[in-house]
Amino acid sequence: VLFRSTSAVEDRAVFGQFLDYRGVAVVAAMQKIRSLEGVVVCKVDREEAFTDFHRTLRLQIFAAAAILVLYVGTLLWLRRSAVGREMKERLAQQHATLTERLRTEALLRTLNETLETKVAERTTLLARANEQLRRELDERERAEQALQASEERYRDLIENAGDIIYTHDLEGKFTWLNRAGERCIGITREEILGTNIQQIVVDEYRDLLQQMTRPQLRDQDARTYELEMISKQGKRLSLEIRARMIFEDGKPIGVQGMARDLTERKRLKQQLLQAQKMEVVGQLAGGIAHDFNNLLTIILGYGEEVSNQLPQESQLRKQLTEIMDA
C-alpha cells in the first residue's frame, strides 16, 4: 500500500529509506510503469545494504586514524627532534654560558682579590696621607695661630705706638691712621679716612710733601723729612716724617709713613736755647760786675788811704767821702 500510494502520488523514480510490510527498514528504488499501471520496486534491507558501506567506512576510518596517528607520530617525532636539537642547543648554550659565567666568576674573584689588595694598599696610603695631612693641618693651625698672635701683637704695637703711623694712596687720601695720629691731629680715624693729606699740611710744605711721595721715586727705602701740619684745633704741629712707597707686583700703590711730633721738643729746645742765652748774658754780666767791682775796690782803697791823710775839717776830705759813698 505504501509503495502504491507513493507511486500514485509521483510519476517519477523514487529512491530512499522506507519501512516495508515487515516493519524492517529497507533501501528501495521505485519507478512507475504506465503500461502496467503499476510500480516496479527494487529493495534491500538497510542493514544488508549498508554492510559493505560500514565495512568500507570502518576501513576508511581505521586508515584515516592510522594515517592521523602516523602523521601525529611523525609530527611528534619531528617536534621531539626539534625539541631535542633545541634542548641540545640550549644545553650547549647553557653550558657555554655556565662556562663563561664560571670563567667570569673566576676572573671576578681574581679581580676582587686584586681589588681588595689594592684597596688595602690604598687604605694604608690614605691612612698615611690622612695622618700626614692631619699633621700638616695641625702645623698650619699652629702657624695660623702664631701668625694671628703675631698680627695681634703687631696691631697692638702699631696701635699703641707713640709715633704716628699712617698710609695713604697715590692721590694722598688717608687709608689708615693709628691712635697716636688720632690724638696728635685731633681727628678720628673715621673722619680722616678719605681726607687728602694736602688739606692738613701747611702751605709752604706741600711741594716738599709731593716731592717726597712722588710715585716716580721707586726707591723702597724710607726717606726722612720735616714738615708742619695744622691740627683740627688749629694748632701748628712740627712733624718728622719717615715715609716709603708701597709696591705691589712692582707697581707703586701708596705710601706708608711714620711721623714723630717734634712740636714739644722744639719748644723745649727753644726754651733751652733761651736759657743758654740768658746764662751767657748772666755770665757776661757777672764778669763785667766782677771786673767793675775790682775797679771800685781799687778806687775805694786809694780813696780811703787819701782820706786818712787829710784833716777832719778839710773840705777835700768831705768831697772825697762823698765820692767813696757814691
Side-chain angles (χ1 to χ4, degrees), residues 156-166 174 177-189 191-192 195-213 221-244 257-326:
D156 184 69
L157 178 64
I158 295 300
E159 286 289 347
N160 297 308
D163 293 334
I164 302 171
I165 300 176
Y166 67 93
F174 281 100
L177 181 69
N178 69 344
R179 295 175 184 172
E182 292 179 327
R183 291 192 300 268
C184 182
I185 304 176
I187 302 176
T188 63
R189 186 177 308 171
E191 292 175 338
I192 202 169
T195 302
N196 198 297
I197 192 173
Q198 297 282 349
Q199 298 178 229
I200 60 174
V201 174
V202 178
D203 295 342
E204 56 264 30
Y205 290 95
R206 290 182 180 177
D207 293 338
L208 175 62
L209 178 65
Q210 291 180 353
Q211 180 180 358
M212 299 306 296
T213 59
D221 294 335
R223 296 170 176 266
T224 304
Y225 57 97
E226 292 186 11
L227 55 73
E228 292 186 0
M229 291 184 178
I230 303 297
S231 68
K232 185 177 181 180
Q233 293 75 21
K235 182 181 179 182
R236 196 180 182 102
L237 303 175
S238 180
L239 301 178
E240 180 186 58
I241 297 179
R242 185 175 178 83
R244 69 178 185 89
M258 178 182 294
R260 179 167 296 176
D261 187 4
L262 302 179
T263 305
E264 185 65 20
R265 183 185 299 179
K266 284 191 172 184
R267 186 182 67 81
L268 294 176
K269 187 176 180 180
Q270 291 294 333
Q271 291 181 354
L272 178 60
L273 290 176
Q274 185 66 24
Q276 289 175 347
K277 290 180 180 179
M278 294 301 297
E279 183 180 1
V280 171
V281 172
Q283 291 177 354
L284 177 61
I288 295 175
H290 181 71
D291 293 340
F292 187 64
N293 186 57
N294 290 336
L295 295 176
L296 291 180
T297 300
I298 296 173
I299 294 173
L300 290 175
Y302 281 104
E304 185 177 357
E305 185 178 351
V306 172
S307 176
N308 291 331
Q309 296 176 4
L310 294 176
Q312 291 293 333
E313 296 81 5
S314 173
Q315 185 64 29
L316 183 60
R317 184 173 182 173
K318 291 182 181 180
Q319 293 176 352
L320 186 56
T321 300
E322 290 294 332
I323 292 173
M324 292 175 62
D325 292 339

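Distance alone, capped at 3.5 Å, is enough to place a donor-acceptor pair between the R206 side chain and the Q198 backbone. Judged by distance alone, the side chain of E182 and the main-chain N or O of R189 form a donor-acceptor pair under 3.5 Å. A donor-acceptor distance shorter than 3.5 angstrom exists from the side chain of N178 to the backbone of D163, with no hydrogens or angles considered.
Smallest separation of non-hydrogen atoms from C184 and S231: O-CB, 4.1 Å. Residues I185 and L237 come closest through the heavy atom pair CA-CD1, 4.4 Å. Y166 approaches L177 most closely through the heavy-atom pair CB-CD1, 3.8 Å. Heavy atoms only, all atoms of each residue included: L300 and M324 are closest at CD2-O, 3.5 Å. Shortest non-hydrogen contact noted between E226 and L208 is O-CD2, 3.3 Å. Scanning both residues, S238 and T263, for their nearest heavy atoms gives N-OG1, 2.8 Å.
Side-chain contact between M229 and I164: absent, with no pair of heavy atoms (C-beta onward) separated by less than 4.5 Å. The side-chain heavy atoms of L316 and Q319, taken from C-beta on, include a pair separated by under 4.5 Å. Between E322 and K318 the shortest side-chain heavy-atom distance does not fall below 4.5 Å.
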Donor-acceptor list for residues 280-295 side chains, cut-off 3.5 Å, not counting sequence neighbours:
{"unit_1": "Q283", "atom_1": "NE2", "unit_2": "E279", "atom_2": "OE2", "d": "3.4"}
{"unit_1": "H290", "atom_1": "NE2", "unit_2": "N294", "atom_2": "ND2", "d": "3.4"}
{"unit_1": "N294", "atom_1": "ND2", "unit_2": "H290", "atom_2": "O", "d": "3.3"}

Worked check of side chain to side chain contact (heavy atoms under 4.5 Å, CB included) between I241 and T224: CA-CA 6 Å; I241 297 179; T224 304; over 6 Å; no
Criterion salt bridge (Lys or Arg N to Asp or Glu O under 4.0 Å) on E204 and R236, from CA distance to verdict: CA-CA 13 Å; E204 56 264 30; R236 196 180 182 102; 2.6 Å; yes
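A distance of 11.5 Å separates CD in Q315 from CG in L310, rounded to the nearest 0.5 Å. In this structure, CG in L320 is found 5.0 Å from OG in S307, a value given to the nearest 0.5 Å. For the atom pair CD1 of I187 and CZ of F174, the computed distance is 8.0 Å after rounding to the nearest 0.5 Å. To the nearest 0.5 Å, the span separating CG on L273 from CD on Q270 amounts to 5.5 Å. One finds the CG atom of D203 at 8.5 Å from the CD1 atom of I230 (value rounded to the nearest 0.5 Å). Note that CG of L209 and CD1 of I200 are 9.5 Å apart. Values are rounded to the nearest 0.5 Å.
Atom OH of Y302 is surrounded by 12 or fewer heavy atoms from other residues, nucleotides or ligands within 6.0 Å. The 12-atom threshold is not exceeded at CD of E304, counting heavy atoms of other residues, nucleotides or ligands nearer than 6.0 Å.
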